[in-house]
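Remarks on the structure that follows.
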2 protein chains.
Amino acid sequence: MTIGELSKRTGCIIETIRYYERIGVMPAPPRTAGGHRIYDRDHLKRLNFVRRARALGFTLDQVRGLLALADERETSCAEVERLARAQLDQVRARIDDLGRMEGVLDEMVARCAGGSVPECPILEALFDGGDEGVG
Amino acid sequence: MTIGELSKRTGCIIETIRYYERIGVMPAPPRTAGGHRIYDRDHLKRLNFVRRARALGFTLDQVRGLLALADERETSCAEVERLARAQLDQVRARIDDLGRMEGVLDEMVARCAGGSVPECPILEALFDGGDEGVG
DNA sequence: ATAAACCCTGTACCAACTACGGGTTCAAGG
DNA sequence: CCTTGAACCCGTAGTTGGTACAGGGTTTAT
């Protein structure tokens, strides 16, 4: 199939597909006599893998690692699980982090919504450090 | 104070301070005869403001907007509140998104931890699309 | 044969920094 | 006064994960 078809089937735009090839996440496919890329079912599977892993927050570097493990087979499952757990930990840490941001922002707008304040409490919180323990 | 001192007092590295000046988030300070930057208390306050806003997830563009409103005074509070609310919404959306990622990852590693599976269930989920509805 | 649709490469751009190289200035000690 | 070493200067390039052109060449359908 052409790159346009692969794009349509995966929801991944053409430029990104070529980008993945450039950085070694997708293999260089064969070409037509005129130089157009030709993809097969394996390419489709691999690109879908990349998309799903990215959607779960894996970096492209981690995706490369997962793909290498998938190519190896044998003894890879434990390592894959380790990577997935690490990713899960990171996602959870990020959620905690955002939860703290949410709390501070929520408090800020709540103080503001009370109305009848001479100075803006949000700007004051930012200028004078209402809460240093964020970030 | 020197840029090094400002850096120490804010926890913001020197390159970033210069970067903020370049993009107009921090004002260009006066210089010594030799060209070294000299900062005062107002610079310190402003940089702390920027750092706190960034820690809450505001983009630099939003920070510029907040600073412009802070400089204006008068009639700015409602607008500041609007920006803070928008940011709060974004943070919550991101938390929801990550929560979905967490769910999928959690299920993946849970299936793996059960053991006694011939093929790696994590790789299979990624290759064959255990859950399309993510991202 | 020709036009439309598609594809090619290369480069530049986005956020929000970070890092580096090569040169200058400042403050302190001798 | 001179030297030394830390601190500072500027400009540029790299990072991550793409996106968006420009200016061409190829394929496909009529």
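Chain letters run A, B, ... following the sequence lines, proteins first, then strands; residues in each count from 1. Here the structure is a predicted model, which is why all the values come from computation and not from measurement.
Between B:Arg92 and A:Asp106 there is a salt bridge, with a side-chain nitrogen of the basic residue lying less than 4.0 Å from a carboxylate oxygen of the acidic one. Using a 4.0 Å cut-off between charged side-chain N and carboxylate O, B:Asp71 and B:Arg46 make a salt bridge. A salt bridge is absent between A:Arg52 and B:Asp128; no separation between the charged side-chain nitrogens and carboxylate oxygens falls under 4.0 Å.
Within the structure, the side-chain hydrogen bond (donor to acceptor under 3.5 Å, both in side chains) test picks out the following pairs touching residues 18-28 of chain B (sequence neighbours left out): B:Glu21-B:Arg37. Pairs engaging residues 53-62 of chain A under the salt bridge (charged side-chain N to carboxylate O under 4.0 Å, His left out) rule: A:Asp61-A:Arg64 [sequence neighbours left out]. Pairs passing the side-chain hydrogen bond (donor to acceptor under 3.5 Å, both in side chains) check and including a residue from residues 1-12 of chain A, sequence neighbours excluded, read A:Glu5-A:Arg9. Applying the ring-ring contact (aromatic ring centres under 6.0 Å, His included) test to pairs two or more places apart or on separate chains, none has a residue in residues 77-100 of chain B.
In terms of position along DNA chain C, the nucleotide closest to A:Arg31 lies nearer the 5' end than the nucleotide closest to the other residue of the pair B:Arg64 and A:Arg31.
Counting 5' to 3', DNA chain C first comes under 4.0 angstrom of a heavy atom of chain B and last does so at the ends given by C:dA16 to C:dC26.
Within a 6.0 Å radius of CZ in A:Arg31, more than 12 heavy atoms belonging to other residues, nucleotides or ligands are found.
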| said: Strictly under 4.0 angstrom, non-hydrogen atoms only: write out the protein contact profile of nucleotides 17-30 of chain D, one letter per nucleotide from the 5' end, B, S or -. | reply: BBSB----BSS---
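Heavy atoms of B:Ile14 sit under 4.0 angstrom from primed sugar atoms or phosphate atoms, though from no base atom.
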